[in-house]
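Each remark here refers to the structure printed beneath this line.
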Number of protein chains: 6
Amino acid sequence: MLLHLSTWIEVEDYLTRSQGLIIPIGSTEQHGPTGLIGTDAICAEAIARGVGDVTHALVAPTINVGMALHHTAFPGSVSLRPSTLILVISDYLTCWVRSGFSKFFFINGHGGNISTLKAAFAETYAVLADRNIANADQVQCRLANWFTCSSVYKLAKELYAHEEGSHATPSEVAVTQYLYPDAIKQATLASEVASGHPTYGAIDFRRRYPDGRMGSNPALATPEHGKQFYDLAVQELSHAYLEFLNQT
Amino acid sequence: MLLHLSTWIEVEDYLTRSQGLIIPIGSTEQHGPTGLIGTDAICAEAIARGVGDVTHALVAPTINVGMALHHTAFPGSVSLRPSTLILVISDYLTCWVRSGFSKFFFINGHGGNISTLKAAFAETYAVLADRNIANADQVQCRLANWFTCSSVYKLAKELYAHEEGSHATPSEVAVTQYLYPDAIKQATLASEVASGHPTYGAIDFRRRYPDGRMGSNPALATPEHGKQFYDLAVQELSHAYLEFLNQT
Amino acid sequence: MLLHLSTWIEVEDYLTRSQGLIIPIGSTEQHGPTGLIGTDAICAEAIARGVGDVTHALVAPTINVGMALHHTAFPGSVSLRPSTLILVISDYLTCWVRSGFSKFFFINGHGGNISTLKAAFAETYAVLADRNIANADQVQCRLANWFTCSSVYKLAKELYAHEEGSHATPSEVAVTQYLYPDAIKQATLASEVASGHPTYGAIDFRRRYPDGRMGSNPALATPEHGKQFYDLAVQELSHAYLEFLNQT
Amino acid sequence: MLLHLSTWIEVEDYLTRSQGLIIPIGSTEQHGPTGLIGTDAICAEAIARGVGDVTHALVAPTINVGMALHHTAFPGSVSLRPSTLILVISDYLTCWVRSGFSKFFFINGHGGNISTLKAAFAETYAVLADRNIANADQVQCRLANWFTCSSVYKLAKELYAHEEGSHATPSEVAVTQYLYPDAIKQATLASEVASGHPTYGAIDFRRRYPDGRMGSNPALATPEHGKQFYDLAVQELSHAYLEFLNQT
Amino acid sequence: MLLHLSTWIEVEDYLTRSQGLIIPIGSTEQHGPTGLIGTDAICAEAIARGVGDVTHALVAPTINVGMALHHTAFPGSVSLRPSTLILVISDYLTCWVRSGFSKFFFINGHGGNISTLKAAFAETYAVLADRNIANADQVQCRLANWFTCSSVYKLAKELYAHEEGSHATPSEVAVTQYLYPDAIKQATLASEVASGHPTYGAIDFRRRYPDGRMGSNPALATPEHGKQFYDLAVQELSHAYLEFLNQT
Amino acid sequence: MLLHLSTWIEVEDYLTRSQGLIIPIGSTEQHGPTGLIGTDAICAEAIARGVGDVTHALVAPTINVGMALHHTAFPGSVSLRPSTLILVISDYLTCWVRSGFSKFFFINGHGGNISTLKAAFAETYAVLADRNIANADQVQCRLANWFTCSSVYKLAKELYAHEEGSHATPSEVAVTQYLYPDAIKQATLASEVASGHPTYGAIDFRRRYPDGRMGSNPALATPEHGKQFYDLAVQELSHAYLEFLNQT
């Protein structure tokens with residue numbers, strides 16, 4: 001059940017059965033010479049909707065721009081500042097908690113979002129308390145990265161070993177190939193790929209990772225792999241979502 | 001050409017030809033008993049992509065949550081605060097101006113966004129100047145509401161006369177029916193519909209407009225009307241975008 | 001009744017009779033070679049006080065600096081950023097709502113304020129709710145631009161036709177001439193006046209409108225016209241204020 | 001020379017002779033049973049204009065709402081939060097420094113503004129440096145309280161001794177009586193007046209100072225005294241302004 | 001009793017006896033060629049702990065970076081912006097007021113903190129009210145500068161007369177010598193020392209005060225003087241703290 | 001070399017040899033019935049100073065209040081909000097980068113700081129770029145948690161196995177016992193300790209972890225263990241700091 005394809009009356013009805021909401025969050029940033037700029041949002045959205053189907057949960061619209069400041073020296077990349085993303089999360093949750101939701105399950109497609117999201121959750125709990133919202137102390141946020149699902153991680157290692165890398169990975173590229181077969185990009189990738197550097201500012205990042213990849217070989221990706229990753233992530237996160245719902 | 005389905009290398013190439021970017025912006029808010037909560041984002045996104053196809057312009061991911069605070073007493077509705085939306089716009093444009101974009105064409109699906117977007121544009125011009133970004137003084141933002149296109153407005157009046165209303169309108173509902181025929185909702189609408197009240201806070205709004213409609217009869221909408229509206233909006237806004245690009 | 005010339009005891013008494021407050025808001029920005037930099041604040045203040053006299057309403061001190069970022073490449077012009085003006089409005093109203101006021105009627109003298117004020121009203125309703133202020137959901141803000149009064153607009157068209165323009169207009173200059181006959185300025189105006197350009201950042205604005213006028217011929221203004229405009233605006237806005245007070 | 005009664009061309013010309021600007025700042029807050037709510041803004045504005053006349057300096061519009069949070073439990077009182085006032089000052093000065101001004105002389109009518117203004121000056125110097133404004137490191141702000149002029153203080157002690165008090169003082173009330181003889185208020189003042197309490201939050205303040213006065217007896221004020229105070233303040237601050245201008 | 005060396009259970013117990021908390025606040029900024037960068041934090045911390053010992057009060061961790069923007073052109077100096085320091089104070093006090101504390105006694109070691117702290121107190125009272133914290137209107141903050149204790153001031157004048165100066169003073173240097181005898185620095189000080197200039201931005205400050213001293217001769221300091229200052233400050237502030245606690 | 005015990009001239013000299021700065025950051029929060037509220041700041045500070053001694057690096061004053069919102073339902077605990085901590089970091093680094101520092105090594109004592117610090121680093125890189133600070137793109141921040149040093153972790157597991165837990169751990173308590181033998185606290189700990197719950201808001205946290213411990217048995221700590229942990233952490237982080245300095 002997708003929030004944007006529902007009416008408020010359907011949501012009112014849903015809230016009598018469940019206070020859970022799944023929120024996909026991705027990023028819009030360079031993913032190497034062949035990866036889609038929307039990779040992280042695309043993966044998070046599709047997997048979140050898959051989880052919603054399996055668990056009969058309501059799925060919110062995707063937060064498609066996240067915290068990707070370090071990628072912004074590559075054209076087309078866009079990012080919120082951490083302080084802005086914190087406000088965005090806090091604005092969203094103030095609305096939804098007032099609606100009656102209390103269990104927020106974020107399905108995340110971008111490693112760079114993790115820290116800011118955790119900070120945002122902490123800030124939001126305090127903001128909800130400030131605002132004297134009923135049941136503010138019942139609100140729970142959970143962060144679930146599809147790419148760190150153990151089943152996903154295991155498959156990526158089997159298929160790609162160290163060529164999985166850590167950005168513009170074949171696994172995430174594979175999922176986008178499965179979902180958008182018409183948008184599979186071809187390019188000759190340099191055989192050498194930068195790897196292992198720490199991440200600082202945007203200009204520094206581009207100096208260190210000149211084509212945008214971080215140790216990955218996305219040429220190994222196939223749509224068939226993508227389906228496998230998608231299925232594993234949906235299965236594992238559906239289980240995680242239900243467990244989260246059932247926890248006090 | 002969709003930003004999220006492009007690579008950074010394709011964007012780099014695009015920037016040698018054009019500095020224009022189309023940004024769809026909608027809202028996620030109640031649209032009456034039968035309208036989709038995502039109506040404004042759905043319409044803006046589809047029309048923006050249509051305009052992108054016609055004009056070979058790059059289309060950014062949709063800003064799917066806008067300024068809809070007055071709707072937030074209806075469950076599922078969500079909003080950024082104006083001050084947050086201003087930061088979001090300013091964060092986005094700082095990134096894209098640094099990338100080389102300078103002409104931003106916002107295709108908007110929600111009347112409630114208009115004021116905040118205009119405020120955000122003004123603030124962003126100042127912020128870009130503060131940040132000493134090269135060519136900051138060349139940056140231009142344009143706001144284009146699909147629902148105020150003269151061709152759209154004319155058709156809505158012809159088809160629905162005063163029953164078009166001003167929120168949860170048959171015209172916008174029709175566009176969503178055309179785009180999502182499987183999500184057409186049935187419900188008996190009260191024959192009396194509230195109309196003409198001023199808009200203040202969220203609780204007040206729900207008191208005045210108990211089912212969420214503002215003077216509209218969305219039961220008049222059909223998917224066929226939706227296609228007509230879509231076609232008119234794409235045509236008129238494509239012309240407007242090209243004109244904007246060509247202006248100094 | 002002017003707030004700044006009243007005592008708190010008089011205000012306490014007033015609040016037993018009315019919860020209405022009139023707030024003049026203008027701007028401090030260039031108005032062409034002959035227009036006063038304070039034009040918008042001067043007009044809004046005088047007309048608001050006139051309305052206060054007619055309706056026995058309390059009139060607040062004038063917000064004399066508004067949102068005029070696009071004029072700030074002309075010396076002497078000054079502006080709040082939209083995000084700052086939103087905070088100013090929200091600070092003011094938090095105080096006055098706690099005092100017992102609930103009906104805020106903004107008499108505005110500057111087109112550039114409109115969007116930010118509307119955004120500020122929306123933000124303020126949310127902030128008041130956050131702060132759990134008693135009767136926050138009864139608070140109402142209304143924006144009334146003296147220059148868009150139908151009677152004013154009609155007279156301006158009769159007197160000046162297309163030479164009214166849209167900034168540094170003869171109608172607003174006339175009102176300042178009526179109010180400050182000693183400050184009528186003489187200068188030879190270029191016969192050609194820039195017109196019809198869109199508004200972006202401050203530097204761009206000055207390039208497009210080199211003397212600051214936007215399509216206007218303020219040389220047509222006379223103090224006598226000014227009195228006519230003043231009288232019409234006071235009459236029409238007094239009616240509007242009373243209507244606002246009486247609405248639930 | 002008043003900024004709001006000048007044109008931008010006159011300001012451009014003024015800047016060839018001087019980079020100084022006088023900014024009156026007051027407050028809009030209770031001043032006891034007989035003092036005007038606008039007392040602090042009225043006094044600051046009139047004295048600033050007097051100084052402008054004597055020194056041929058440009059005088060900006062009055063900041064008529066300042067930092068008066070502790071007075072806001074008395075109806076009609078209004079205040080900016082310190083953090084908002086800091087933004088207001090920083091917004092103003094960014095505009096005016098870009099115009100070419102660099103010497104800002106604040107004539108202040110309210111003790112409660114002092115700390116926040118000093119904080120605002122410090123913040124503004126940093127913000128101007130961040131924004132890479134030419135000559136940011138030449139910008140100077142000076143705070144001049146009319147009520148702490150030594151000549152004013154001496155006269156107040158002579159006329160009123162300890163009955164001058166520290167808020168709703170006869171000296172400031174006298175100035176308003178001189179300026180607004182038609183707004184002289186009559187009320188029987190309690191013979192006992194609270195005095196010497198520390199200042200904390202607004203509710204606490206009203207508990208401690210039930211009629212709003214702080215140790216003062218404003219019944220001693222006369223318009224003639226007001227003229228004396230006005231003349232002394234104008235003279236002393238004119239001297240201070242010229243000295244400020246001449247300092248490197 | 002030091003907060004950082006206590007357990008939460010000890011604090012819970014303390015709160016049954018007292019709602020008072022002593023908060024040392026200093027700065028980390030240049031103190032001339034021989035003064036320690038931490039001078040202000042060192043002095044405030046030691047004196048606050050002395051006061052805590054005498055009065056059996058709980059002493060919080062030291063705020064060791066304050067508002068010292070004007071010193072930041074000297075390497076190693078660091079400052080919060082006033083707006084940030086306001087947020088820091090408001091965050092701290094929100095936590096501690098929710099814990100049950102209501103009397104906050106700030107022992108301050110840096111003149112540059114005074115204005116921002118006063119602004120922060122005012123803002124915090126408002127923020128606590130917004131957050132509907134129980135007993136928010138009982139919260140009291142008191143600012144106590146050790147260097148303006150009358151006994152300290154008197155001794156400094158006796159020992160150093162005009163060579164006390166106003167920054168990098170022998171009195172504060174003496175206290176640090178008493179506390180950190182191993183960190184006494186030797187350097188030849190210029191016989192001429194800048195004095196009496198107003199304070200503006202950081203670059204301007206360093207131009208005016210090239211070695212960082214403001215009219216002082218810290219070569220006069222001795223550890224023995226330091227002990228005297230320390231003892232006087234502890235004695236006088238202990239008295240002030242107890243008086244504060246006992247006031248309603 | 002401690003920044004607060006240095007002069008600006010010593011820092012200027014240091015900067016000719018190194019651009020590195022070590023910044024200890026802890027927290028001030030409950031650590032169970034026997035752990036010190038200052039545990040995290042105490043450990044971070046001591047270890048950072050140890051690393052400074054070994055590596056001849058400059059060590060900044062400790063940030064002793066961090067992000068510990070979830071602990072604030074226990075009396076005495078205090079926290080910055082994530083958005084405030086981001087501003088604090090960005091203020092600090094703006095000053096120090098302008099001084100000439102570029103390599104910031106944060107030695108952290110609190111798990112709850114990690115996410116916000118990472119967010120703060122990302123935001124700071126962007127802010128430094130906005131402010132056009134020379135060499136902004138050379139700035140590097142590194143986060144080093146003493147408690148996740150592999151040598152520390154290994155010893156903790158050897159000594160305490162699963163009784164190490166994750167908050168108020170015997171290892172951190174041991175370090176404070178080594179450093180403050182006079183502040184070793186005795187209390188009977190419940191034999192059952194809560195463990196494994198997720199972390200949400202402050203009230204929820206206290207419900208789940210009623211005595212503040214998270215799965216730990218701090219009664220196992222001894223000062224001798226503390227010395228071992230301290231030595232290991234200093235050794236491992238000294239190596240890490242030097243490696244960081246030497247990296248481009």
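So you know, we letter chains A, B, ... as the sequences are listed, proteins then strands, and number each from 1. All figures in this text were calculated on a predicted structure; none of them were measured in a lab.
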**Q.** Under 4.5 Å from any heavy atom of chain F - which part of E:L15
**A.** side chain

Q.
Restricting to non-hydrogen atoms, name the atom on F:W8 and the atom on E:D211 that form the minimum distance, rounded to 0.1 Å.
A. NE1-O, 3.1 Å

Q: Give the member of E:G212, E:G26, E:G32 that has the highest number of heavy-atom pairs under 4.5 Å with chain F.
A: E:G32

Q: Please state whether the side chain, the backbone, both or neither of E:L5 comes within less than 4.5 Å of a heavy atom of chain F.
A: both

Q) Are the side chain of F:S99 and the backbone of E:G76 linked by a donor-acceptor contact shorter than 3.5 Å? A) yes

Q. How close do F:T94 and E:R81 get, heavy atom to heavy atom, and via which atoms?
A. CG2-NH2, 3.9 Å

Q: Starting at CD1 of F:I203, measure out to CZ of E:R98 and round the result to the nearest 0.5 Å.
A: 7.5 Å

Q.
Shorter than 4.5 Å, heavy atoms on both sides: which option in F:C95, F:P75, F:G38 has the most such pairs with chain E?
A. F:P75

Q | Heavy-atom closest pair, residues E:Y92 and F:V78 | A | CA-CG2, 3.7 Å

Q | Max heavy-atom pair count under 4.5 Å with chain E, selected residue of F:V65, F:T72, F:I9 | A | F:V65

Q) chain F heavy atoms under 4.5 Å from E:S90: which part of the residue, side chain, backbone, both or neither? A) neither

Q: Please report the shortest heavy-atom distance between F:S79 and E:D91, naming the atom on each side.
A: O-CB, 3.7 Å

Q.
Please classify the contact of E:T28 with chain F as side chain, backbone, both or neither, using a heavy-atom distance under 4.5 Å.
A. side chain

Q.
With a 4.5 angstrom heavy-atom cut-off, is it the side chain or the backbone of F:L87 that approaches chain E, or both, or neither?
A. both

Q | Atom pair CD1/CG of E:I37 and F:L58 - distance to nearest 0.5 Å | A | 7.5 Å

Q | Top of E:T84, E:L85, E:L2 for chain F proximity - count of heavy-atom pairs under 4.5 angstrom | A | E:T84

Q: Please look at F:Y180 and chain E and tell me whether the side chain, the backbone, both or neither of the residue comes under 4.5 angstrom of a heavy atom of that chain.
A: side chain

Q) Does any heavy atom of chain F fall under 4.5 Å from the side chain of E:E29, the backbone, both, or neither of them? A) neither

Q. If every non-hydrogen atom of F:G35 is compared with every non-hydrogen atom of E:T7, which pair is closest and at what distance?
A. O-CG2, 3.4 Å

Q) For F:T34, is it the side chain, the backbone, both, or neither that has a heavy atom closer than 4.5 Å to a heavy atom of chain E? A) backbone

